[in-house]
Amino acid sequence: DLVVAAARSVAGPGAVVEVDQSWGGDSFAWYLEKVPGAYARLGVHDPSSGRPRLDLHAGTFDVDERCIPLAVRLLTTTAITALTR
């Protein structure tokens with residue numbers, strides 16, 4: 001809920017969408033056994049680019065670097081909110 005609120009604050013009310021569960025392998029759950037946390041995915045593909053959407057773990061994956069400033073604002077907003085609660 002904290003990340004969702006931060007995303008809507010940073011990028012607007014339509015910024016958060018539910019997506020299908022990813023079946024890719026990931027060890028993040030091991031961290032969550034030790035400390036509380038959350039896992040969120042940030043969309044990094046511009047559909048208007050005309051390029052195909054590639055899997056995150058594909059060797060040809062190419063992030064749209066314009067998303068980096070948004071990601072920084074999202075993570076800092078999340079952290080500041082968590083620390084001031």
Side-chain angles (χ1 to χ4, degrees):
D1 291 339
L2 184 64
V3 176
V4 168
R8 289 182 175 145
S9 169
V10 166
V16 177
V17 296
E18 294 288 326
V19 296
D20 292 332
Q21 170 84 29
S22 169
W23 293 103
D26 203 321
S27 58
F28 186 77
W30 294 342
Y31 294 112
L32 299 180
E33 290 177 357
K34 305 292 182 189
V35 295
Y39 193 92
R41 293 190 287 175
L42 177 68
V44 295
H45 174 75
D46 180 0
S48 68
S49 70
R51 294 187 307 233
R53 192 171 118 203
L54 301 171
D55 183 79
L56 177 65
H57 298 288
T60 54
F61 177 74
D62 184 25
V63 67
D64 182 346
E65 293 181 3
R66 294 175 298 174
C67 73
I68 294 171
L70 174 64
V72 170
R73 289 195 317 271
L74 171 61
L75 292 175
T76 55
T77 299
T78 302
I80 290 168
T81 302
L83 292 169
T84 58
R85 281 191 174 175

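In what follows, residues are counted from 1 in the order of the sequence shown.
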**Message:** When you group the ILVMFWY residues by side-chain heavy-atom contacts below 4.5 Å and let the links chain together, are L2 and L75 in the same group?
**Reply:**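 Result: no, two separate clusters.
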Looking only at heavy atoms, which two atoms of [X] and [Y] are closest? And how far apart?
{"X": "A6", "Y": "T77", "result": "CB-CG2, 3.8 Å"}
{"X": "A7", "Y": "A15", "result": "O-CB, 3.8 Å"}
{"X": "C67", "Y": "L42", "result": "O-CD2, 4.1 Å"}

CG of D64 to CZ of R51, rounded to nearest 0.5 Å, is 6.5 Å
Would you give the length of the straight line joining atom CZ of R66 to atom OG of S49, rounded to the nearest 0.5 angstrom?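 Spacing of CZ (R66) from OG (S49) equals 8.0 Å.
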Apart from V4 itself, members of its ILVMFWY cluster (side-chain separation under 4.5 Å) are V16
Under a side-chain separation threshold of 4.5 Å, the hydrophobic residues clustered together with I68 are V72
